[in-house]
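In this text, all values refer to a predicted model and were calculated from it rather than measured experimentally. A note on names: the letters A, B, ... follow the listed sequences, proteins ahead of strands, and every chain is numbered from 1.
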Amino acid sequence: MTEVTQSTPDSATEPSGYDPAVVEKKWQTRWEERGTNDTDLRDGARPFYALMMFPYPSAEGLHVGNLFAFTGNDIYGRFQRLQGHTVFEPIGFDAFGIHSENYALKVGIHPAELIPRNIANFRRQLKSAGLMVDWRHELSTTDPEYYKWTQWIFLELYKRGLAYRRRAAVNWCPNDKTVLANEQVIAGACERCGAKVEQRFLEQWFFRITDYAERLLADLDWIDWSETTKTAQRNWIGRSDGAEIVFRVMDLLEMGAAATVGLNVMATTAELNAMATDIRVFTTRPDTIFGATYLVLAPEHPLVDALVTDDQREEVAAYRAATSKQDLVTRKVNREKTGVFTGAYAINPATGKPIPIWIADYVLMEYGTGAIMAVPGHDERDFEFAKVFGLPIVRVVAPRGVHPSRHTADAAHVDSQNRDEHPPLEEPYVDTEHAHLVNSAQFNGLTVEEGKHAIVTWLARHGHAKPIVNYRLHDWCVSRQRYWGPPIPVIYCDRCGVVPVPEKDLPVLLPNVEDFKPDDTGVSPLARVESWYRVKCPSCGHDARRETDVSDTFLDSAWYFLRYPSSDVENKPFDEAMLKKWLPVSSYIGGNEHAVLHLLYSRFVTMVLHDAGHLEFEEPFTKFRAHGHIIREGAKMSKTKGNVVIPDQYIERWGADSFRTYLMFLGPYEEGGDFRDQSIAGVRRFLDRLWVSAVDARRDGAADDGVLRKLHQTIKKVTEDVPRLSYNTAIAAMMEYMNVLRAKERTPHVDEVRPLVQLVSPFAPHIAEELWERLGGRMSIFDSGWPAYDASLAAEELVTIAVQVNGKLRGTIRVATGTGQEEALAAAMADPGIKKFATGTTKKVIYVPGRLLNVVV
RNA sequence: GCCGGGAUGGCGAAAUCGGUAGACGCGAGGGACUUAAAAUCCCUUGGGGGCAACCCCAUCCGGGUUCGAUUCCCGGUCCCGGCACCA
């Protein structure tokens, strides 16, 4: 249990009279009654869509991390509202998926019963946090009115040829008994349960996200997103520029001849091409082709059967069998080089020499062409492999200093360099920056970059190569052999084949299945519900059956932001007028753990819907900011450590306003912070002092000029900090102002306090609303506008200037703002403490008005 | 290994354009109020030296640029996140 170090200030004895429990209840009720947080979606003149990543409604309830994210977004949204925008801040629940299903299995309650319960609890918690949410637009991905359109999106992709079925090696989690997307496999283990992932072959539905790789990459150059998130997406898409190079396989006759005669293959290729087998490889280092001493194919490569010689057939078959038995994980984790010679040779198109063809599991079928040219001299993996099997290692790239022409003065050295320009490499030489080509015929001396271009151009003339771009990104596997998700809206008919469910028949309702446990068959639990999956073909009317897989949860969340403004619309996924007014999303705040999954899929789905003519924009989130993560007393929070912060307890003891403000105060929002129980007292004290200041404020006389100056400086600071999400410094500035406001126990004037209440309101909305009312506000503070700062009022008359002698601080002077250098220098020299260091002739004077004076002697 | 981000008092952190390092908050110490405690308010609080005015040292480590570097450049250490037999 979480120990909260300080007890609740008892409202009866609390000197300030501030009782958050009373204030927060009062305003939450009022806001609901008055519809303060409801957005008139049709009317907003300056719409602002403040989106937060919707939560997965776990049974544990709202996590402090959720609240950290939501509060940051809420402050941003409230600030925009105070700036005159019509703000829409919706929320919903990402309630489908394995998470929910596994938990339901664990506690033995049907998810259809469990999920609404969890949602109710979440809703209660969210309301207690005082978010400016328009609850009329709440949505849940499990609602048939929602997933009807998730299914519709699947069909849109299908119509456009972007959804296809393929039998594929998939990641199979033996614990969750389902396939996983590559993205859900972390270091060979299931992202959710940590079990070791195995390899299975199943018919799967895929989305052709790879068709969009280039667009997804290119748009990253202009969308206003956290740089860290964009970097993660770039890595994930993994564009690599290289070339596809064709290696011709030698036939047996040629092989015999090659053993005795030096072949000039370049000349004869054209005529032989027709009958010979080609192996196409992908490489990012075409400049090293003269050093390609062997080829390697993935064991699964379709050409292996055709290539293998009779001598090697048995060994090759055994190796292929061993590889296919191996799960995808061990194959990638075990880096010891293994492989088998096929007995076949290919011609290196650059050297014209025959090189052996091997198969090895370090070459993956799913990347590039499933075949590589091995350049052991300049690639670590190829080097290791060549060492193990005694294959030749040739140097074709050398550091600049090794070039013979650089050593003509040193006869002995030149001699050794010339005789053997590629001494045995102790390790692969992979530097591409300070290097040039050697042993590469007419290309010697070129830099790596020049060599790449020149060699591809040269090979291309003979049809041996072409520049090509490859992506690491794979197509998105959306099939899940599970129960708790939207059924994929497809029907299989023996006569018509794959038939999409007609739009008028959507949604394909998820039947209520009592026994929803997945089993080892790799078939969804829905396959057990015969009454459900047996249907008539919508096309020919004959017996047919439904697809029994459900779709990936990431499809549910890939479009929810499009639905929010139209959550009440029945006959279409989104209303055109709403789209026009509210989308793309003005500001999206969320965690970077979704940098490549949710955020990439959302962009993809948006692009597809754009191409299909449903959306005018192709990027869903104009602005995205990743928030940081909270740790607890220097350690990561985890259930096992029992150090998780439960928001409810803190809200109860300190109030939601204090909790919110504290969360925002503990560090830079985009970096996160360290939650320390003791420190929350600081922000609570600040709110107590705010309360007293407002309640006791004097109305007679006038505000103090000095205090007003600080006030306007504070308004400026907060106004600048909030849009930058620099919440911690904004709060610090308000605390600083509070110190001035209440210095020496003075009683502040209303005019000094009222604007502060407005500044505080995005952070601590309840207390602000209460004090606003007590100060005479008639309508909600959130409709009161944002205080303007007056630069002339904020200006200081006197400034302190640091005085340095030779760059060392020797004192400070107080001068009028706008004082010139001569005058400032005179003032500084009048100070004996400074003067005594400024001896001798003055060489130079640096003057930064208002800041610093540096005298160099 | 590659790509990001980071390292500042006892602690969380500021310093936004190269210009007084440590704002703000926590904790700690002292004081006021109180019979007492809590709460509240006030003062002190990077390290070292000095009776003192003051002086020296200090932003992960080592160099450099500059009148001046937490900030820019080069080299290194450690921590966090992402990717990883991706050719």
Side-chain angles (χ1 to χ4, degrees), chain A residues 7 9-10 13-16 187 227-236 238 240 242 281-285 296 331-337 360-364 366-375 379-382 384-385 430 470-472 592-593 595-596 628-629 631 633-634 636 662 665-668 670-683 685-686 688-689 692 717 720-721 724 726 728-729 731-736 738-739 742-745 800-812 833 843-848 850-857:
Chain A
S7 60
D10 186 331
T13 56
E14 172 56 61
S16 74
E227 220 34 68
T228 51
T229 314
K230 294 211 272 188
T231 304
Q233 292 213 348
R234 285 193 186 101
N235 280 344
W236 190 260
S240 61
V281 306
F282 173 70
T283 180
T284 55
R285 294 294 306 276
V296 188
R331 175 161 171 182
K332 290 192 178 184
V333 170
N334 179 12
R335 291 181 180 222
E336 262 165 52
K337 295 289 173 290
D361 67 359
Y362 82 94
V363 174
L364 308 171
E366 68 261 28
Y367 187 77
T369 58
I372 62 155
M373 64 176 208
V375 184
D379 181 279
E380 280 176 33
R381 298 150 301 179
D382 298 343
E384 278 175 41
F385 190 81
V430 294
N470 238 308
Y471 299 91
R472 203 200 66 94
N592 234 356
E593 62 274 16
V596 288
H629 290 278
I631 54 172
E633 314 277 344
K636 229 180 205 170
Y662 177 55
F665 184 62
L666 43 79
E670 286 169 274
E671 283 163 43
D674 190 0
F675 192 103
R676 286 170 186 268
D677 283 1
Q678 281 186 322
S679 305
I680 193 169
V683 285
R685 263 195 279 277
F686 168 69
D688 278 330
R689 305 221 292 168
V692 190
K717 174 86 176 142
E720 286 166 359
D721 282 357
R724 295 191 295 121
S726 190
N728 56 333
T729 55
I731 295 164
M734 292 187 282
M735 286 173 164
E736 246 184 277
M738 179 64 77
N739 290 340
R742 302 196 59 78
K744 305 214 170 80
E745 300 186 72
T800 306
I801 289 178
V803 182
Q804 297 180 338
V805 178
N806 291 337
K808 275 196 165 170
L809 184 71
R810 295 302 180 181
T812 59
K843 289 189 194 131
K844 198 173 171 185
V845 176
I846 292 112
Y847 183 57
V848 184
R851 298 212 71 114
L852 165 137
L853 178 74
N854 187 10
V855 183
V856 184
V857 293

After noting the C-alpha distance and the side-chain angles of A:Asp382 and A:Tyr362, does the key distance pass the side chain to side chain donor-acceptor pair (under 3.5 Å) rule? CA-CA 9 Å; A:Asp382 298 343; A:Tyr362 82 94; 2.7 Å; yes
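- Straight-line distance from the CG atom of A:Asn806 to the P atom of B:U66: 15 Å, rounded to whole Å.
- Counting distance only, with no hydrogens placed and no angle test, the side-chain atoms of A:Lys843 and the base atoms of B:C67 include no donor-acceptor pair under 3.5 Å.
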When Watson-Crick pairs (N1 to N3 and N6-O4 or O6-N4) and G-U wobble pairs (N1-O2 and O6-N3) count only below 3.5 Å on both distances, what is the dot-bracket string of RNA chain B, with | for other-strand pairs? (((((((..(((......[....)))((((((.......))))))((((....))))..(((((..]....))))))))))))....
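- The side chain of A:Ile846 approaches B:C67 more closely than any other nucleotide in the set B:G25, B:C67, B:C3.
- Residues satisfying the side chain to side chain donor-acceptor pair (under 3.5 Å) test with A:Glu671, not counting sequence neighbours, are none.
- For B:G25 and B:C43, the P atoms lie 12 Å apart once the distance is rounded to whole Å.
- The OH-C1' distance, from A:Tyr662 to B:C11, rounds to 10 Å in whole Å.
- Taking atom C1' in both B:A58 and B:G9, the straight-line distance is 10 Å, to the nearest Å.
- Here the nucleotide nearest the side chain of A:Asn854, chosen from B:G82, B:G19, B:C85, is B:G19.
- The A:Ala732 side chain lies nearest to B:C24 when the options are B:G19, B:C24, B:U20.
- Comparing the same atom, C1', in B:A21 and in B:U35 gives a spacing of 47 Å after rounding to whole Å.
- With sequence neighbours excluded, no residue forms a side chain to side chain donor-acceptor pair (under 3.5 Å) with A:Glu670.
- Nearest nucleotide to the A:Phe665 side chain, out of B:G25, B:A87, B:U20: B:G25.
- Under 4.0 angstrom from either OP1 or OP2 of B:U20 there lies at least one side-chain N or O belonging to A:Arg851.
- Residue contacts for A:Lys230: at a heavy-atom cut-off of 4.0 Å it reaches no nucleic acid atom on any strand shown.
- Using a 4.5 Å cut-off on side-chain heavy atoms (C-beta onward), A:Tyr847 and A:Ile801 make contact.
- Side-chain atoms of A:Arg685 lie closest to B:C41 of the nucleotides B:C67, B:C41, B:U20.
- Residue whose closest nucleotide on RNA chain B sits further toward the 5' end, between A:Glu227 and A:Tyr362: A:Glu227.
- Glycosidic conformation of B:C11: anti, with the torsion beyond 90° of 0.
- The residue A:Leu666 sits close only to the backbone: its heavy atoms come under 4.0 Å of sugar-phosphate atoms, none of a base.
- As judged by a 4.0 angstrom heavy-atom cut-off over every strand, A:Thr812 is placed among the base-contacting residues.
- In summary, the side chains of A:Thr228 and A:Thr231 do not present any donor paired with an acceptor at a separation below 3.5 Å, with no hydrogens or angles considered.
- Nucleotides B:U8 and B:C24, compared at atom C1', are 15 Å apart to the nearest Å.
- Between A:Leu853 atom CG and B:G68 atom P there is a gap of 15 Å when expressed in whole angstrom units.
- Residue A:Arg234 is out of contact with every strand shown, counting any heavy-atom pair closer than 4.0 Å.
- Here A:Val683 lies out of heavy-atom contact (under 4.0 Å) with every strand.
- When distances are taken from the side chain of A:Trp236 to each of B:G25, B:C83, B:A13, the shortest belongs to B:C83.
- Taking atom P in both B:C17 and B:C61, one finds a spacing of 24 Å when rounded to whole Å.
- Taking atom CD1 of A:Ile631 as the reference point, atom P of B:G6 lies 16 Å away to the nearest angstrom.
- Using atom C1' as the reference point in both B:G68 and B:U20, the two lie 12 Å apart (nearest Å).
- Regarding contacts with the backbone of B:A23, every side-chain N or O of A:Asn739 stays at 4.0 angstrom or more from both OP1 and OP2.
- A sub-4.0 Å separation between OP1 or OP2 of B:A84 and a side-chain N or O of A:Arg472 is present.
- Residues A:Asn739 and A:Arg689 form a side-chain contact, since some pair of their non-hydrogen atoms from C-beta on lies under 4.5 Å apart.
- Separation of the P atoms belonging to B:G10 and B:G64 is 28 Å when rounded to the nearest angstrom.
- For A:Leu852 and B:C67, the CG to P distance is 14 Å, given to the nearest whole Å.
- Applying the 4.0 Å criterion to OP1 and OP2 of B:A69, one finds that A:Lys808 has every side-chain N and O outside that range.
- Note on ring orientation: taking the six-membered ring where Trp is involved, the planes of A:Tyr367 and A:Phe282 are perpendicular (angle over 60°, cut-offs 30° and 60°).
- Taking only side-chain atoms of A:Glu736, from C-beta outward, the nucleotide of B:G27, B:G19, B:A23 with the closest atom is B:A23.
- Atom pair A:Asp674:CG and B:G12:P shows a separation of 7 Å (rounding to whole Å applied).
- Between A:Met373 and A:Thr283 there is a side-chain heavy-atom pair separated by less than 4.5 Å.
- Among residues two or more places apart in sequence or in another chain, the side chain to side chain donor-acceptor pair (under 3.5 Å) test is passed with A:Asn235 by none.
- By the side chain to side chain donor-acceptor pair (under 3.5 Å) test, A:Thr229 is found to be paired with A:Asn592, residues two or more places apart in sequence or in another chain being considered.
- Residues passing the side chain to side chain contact (heavy atoms under 4.5 Å, CB included) test with A:Ser679, sequence neighbours excluded: A:Tyr662, A:Arg676.
- Checking B:C3, B:U20, B:C85 against every side-chain atom of A:Asn235, the shortest atom distance belongs to B:C3.
- Phosphate contact (OP1/OP2 of B:A14, side-chain N/O of A:Asn728, threshold under 4.0 Å): present.
- If you measure from atom CE of A:Met734 to atom P of B:A14, you get 15 Å, rounded to the nearest angstrom.
- When distances are taken from the side chain of A:Asp361 to each of B:C3, B:C85, B:A87, the shortest belongs to B:C85.
- Rounded to the nearest Å, the gap between the P atom of B:A15 and that of B:U34 is 43 Å.
- If you check B:C67, B:A87, B:U20 against the side chain of A:Val856, the one that comes closest is B:C67.
- Looking at which nucleotide of RNA chain B each of A:Asp379 and A:Glu671 is closest to, the 5′-most match is held by A:Glu671.
- Considering only side-chain N and O atoms, A:Arg810 lies under 4.0 angstrom from the phosphate OP1 or OP2 of B:C55.
- Contact between the side-chain N/O atoms of A:Ser679 and the OP1/OP2 oxygens of B:C11 is not found at any separation under 4.0 Å.
- When heavy atoms are screened at a 4.0 angstrom cut-off, A:Thr800 is found touching base atoms of the nucleic acid.
- Rounded to an integer number of Å, the gap from A:His629 NE2 to B:C79 C1' is 17 Å.
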